[in-house]
Amino acid sequence: MADPTPVLDDLRAESDELDRLVAGAGPDRWGLPTPAPGWTVAHQIAHLAWTDRSALVAVTDEDGFRTLVQQALAAPDSFVDQGAEEAAGLPPAELLARWREGRAALDEALRKAPPGARFPWYGPPMAAASLATARLMETWAHGLDVAEALGVTRAPTDRIRHIARLGVRTRDFSFGVHGLPAPADPVRVELRSPSGESWTYGPEDAPQRVTGPALDFCLLVTQRAHRTDLALHAEGPDADRWLDIAQAFAGPPGPGRSPKGDGG
């Protein structure tokens, strides 16, 4: 079983970096629009706080989380936006304190989780390391939206290795949410990390492959950039199709981002 400590440490570091960014922004800047339609900086932080709280319930209160799932099923197209909207109107200092409190409680609960424990989620149950990876992916992706709204460029770090691995593992899921059968052939993924390391996944002799910068792959699977704006290369029809529909997050197919040439 995977030790969750490395990803929990990276999740904490990623959250702290975003925390410093928004804490240093004036209250008036929390109302700036982000690339997500209808979402301000406050909505992005409210969403992270809401999802951290949901994850905490999943880890500590299975019956309580079952209620959250029922609420999601009753409003599948709006429950995420509703969760963000509920807290986005709070004063920034109060919203920031709520996010800090929730993520600290989740961090403690996951570090104390029994080895091998699995927790319910909006998809299949997940181990502590997998749940932390999902939180890291969201924190990183929504942090990109916040940074863009604030006019800040965040330097990528090797913390995205967890996101890259998740993106590879969710290949079949990406096909499934689009109603497509999972490809039979394995795929080789070869990525260059921000620090210059080589990250590889899949058999070396796989008939199909994806290559390029790890940052671009993570932007693709979190749908923070359009494929045509990224330096990713696919060999083979299934690998090529995957890059058109890749998504590492749960839920229905996301709308993705428009190519920069289209004004996205």
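The side-chain heavy atoms of Thr67 and Val57, taken from C-beta on, include no pair separated by under 4.5 Å. With contacts defined as side-chain heavy-atom distances shorter than 4.5 Å, the pair Arg224/Pro35 does not qualify. Under the 4.5 Å side-chain criterion, counting only non-hydrogen atoms from C-beta, Pro125 is not in contact with Phe119. In this structure the side chain of Arg53 reaches within 4.5 angstrom of the side chain of Leu56, judged on heavy atoms. The shortest distance between side-chain heavy atoms of Val221 and Thr170 does not fall below 4.5 Å. Side-chain contact between Phe249 and Leu166 is absent, with no heavy atoms from C-beta onward closer than 4.5 Å. Proximity of Trp199 to Asp158: side-chain heavy atoms (C-beta onward) are separated by under 4.5 Å at one or more points. At least one side-chain heavy atom of Trp39 sits less than 4.5 Å from a side-chain heavy atom of Gln44.
Taking every heavy atom of both residues into account, Leu191 and Ala164 meet most closely at CD1-CB, 4.0 Å. Scanning both residues, Pro252 and Gln247, for their nearest heavy atoms gives O-NE2, 3.2 Å. The minimum heavy-atom distance linking Leu95 with Ala42 is given by the pair CD2-O, 3.5 Å. Considering every non-hydrogen atom in both Ser174 and Ala246, the closest pair reads OG-CA, 3.6 Å. Of all heavy-atom pairs spanning Val187 and Ala239, the tightest one is CG2-CB, 4.2 Å. Between His43 and Gly38, the shortest heavy-atom distance links the atoms CE1-O, 3.9 Å.
Between atom OG1 of residue Thr40 and atom CD of residue Glu85 there is a gap of 8.0 Å, rounded to the nearest 0.5 Å. One distance of note links OG1 of Thr34 with CG of Leu144; it measures 11.5 Å at 0.5 Å rounding. For the atom pair OG of Ser198 and CD of Glu190, the computed distance is 6.5 Å after rounding to the nearest 0.5 Å. Summarising the geometry, atom CG belonging to Asp52 is positioned 6.5 Å from atom OG belonging to Ser15; distances are rounded to the nearest 0.5 Å. Between the CG atom in Leu220 and the CG atom in Asp229 there is a gap of 11.0 Å [rounded to 0.5 Å]. Here the straight-line distance linking atom CD of Glu197 with atom CZ of Arg192 works out to 13.5 Å at 0.5 Å rounding.
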message: If you apply the rule salt bridge (charged side-chain N to carboxylate O under 4.0 Å, His left out), what do you find for Arg66 with Asp63, and how did you get there?
response: CA-CA 5 Å; Arg66 190 174 296 114; Asp63 289 339; 2.7 Å; yes

- prompt: Given the rule in the side-chain contact (heavy atoms from CB on, under 4.5 Å) test, do Arg29 and Leu150 qualify, once you have shown the distances and angles that lead to the verdict?
  reply: CA-CA 7 Å; Arg29 305 195 76 198; Leu150 297 177; 4.0 Å; yes

- request: Go through the steps for Trp242 and Phe217 under the test ring pair (Phe, Tyr, Trp, His ring centres under 6.0 Å), then give the verdict.
  value: CA-CA 11 Å; Trp242 178 29; Phe217 183 74; 5.8 Å; yes

task: Report the C-alpha separation of Arg227 and Asp244 in whole Å, then their side-chain angles, then the decisive distance to 0.1 Å, and conclude whether the side-chain contact (heavy atoms from CB on, under 4.5 Å) test is met.
output: CA-CA 7 Å; Arg227 177 184 177 182; Asp244 286 334; 2.9 Å; yes

message: Go through it in stages, so that I can follow the logic: the residues are Leu18 and Trp99, the test is side-chain contact (heavy atoms from CB on, under 4.5 Å), and I'd like the CA-CA distance, side-chain angles, deciding distance and then a yes or no.
response: CA-CA 11 Å; Leu18 177 57; Trp99 179 42; 3.8 Å; yes

side-chain contact (heavy atoms from CB on, under 4.5 Å) between Arg111 and Leu8, intermediate numbers included: CA-CA 8 Å; Arg111 290 180 190 275; Leu8 284 168; 3.6 Å; yes

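Salt bridge annotation for Asp145-Arg257: present, with a cationic side-chain nitrogen under 4.0 angstrom from a carboxylate oxygen. Electrostatic pairing of Arg103 and Asp16 counts as a salt bridge here, judged by a charged N lying under 4.0 Å from a carboxylate O. The pair Asp205-Arg188 does not meet the salt-bridge criterion, since no charged nitrogen lies less than 4.0 angstrom from a carboxylate oxygen. Comment: Arg135 engages Glu138 in a salt bridge, judged by a side-chain N to carboxylate O separation of less than 4.0 angstrom. Between Arg12 and Glu17, none of the side-chain N atoms (NZ, or NE/NH1/NH2) sits under 4.0 Å from a carboxylate O, so this pair counts as no salt bridge.
Formation of a donor-acceptor pair under 3.5 Å by the Thr222 side chain with backbone atoms of Cys218 is found in this model. Checked by atom type and distance alone, the side chain of Asp240 never pairs as donor or acceptor with a backbone atom of Glu235 at under 3.5 Å. Side-chain atoms of His178 do not come within 3.5 Å of backbone N or O of Leu180 as any donor-acceptor pair.
In the model, Thr139 has no side-chain atom that pairs as donor or acceptor with a side-chain atom of Glu14 under 3.5 Å.
Checking each of Ile163, Leu11, Ile160 against Met137 for a side-chain contact (heavy atoms from CB on, under 4.5 Å) leaves exactly one that passes, namely Ile163.
Aromatic ring orientation, Phe65 versus Trp121: parallel (interplanar angle below 30°, classes split at 30° and 60°).
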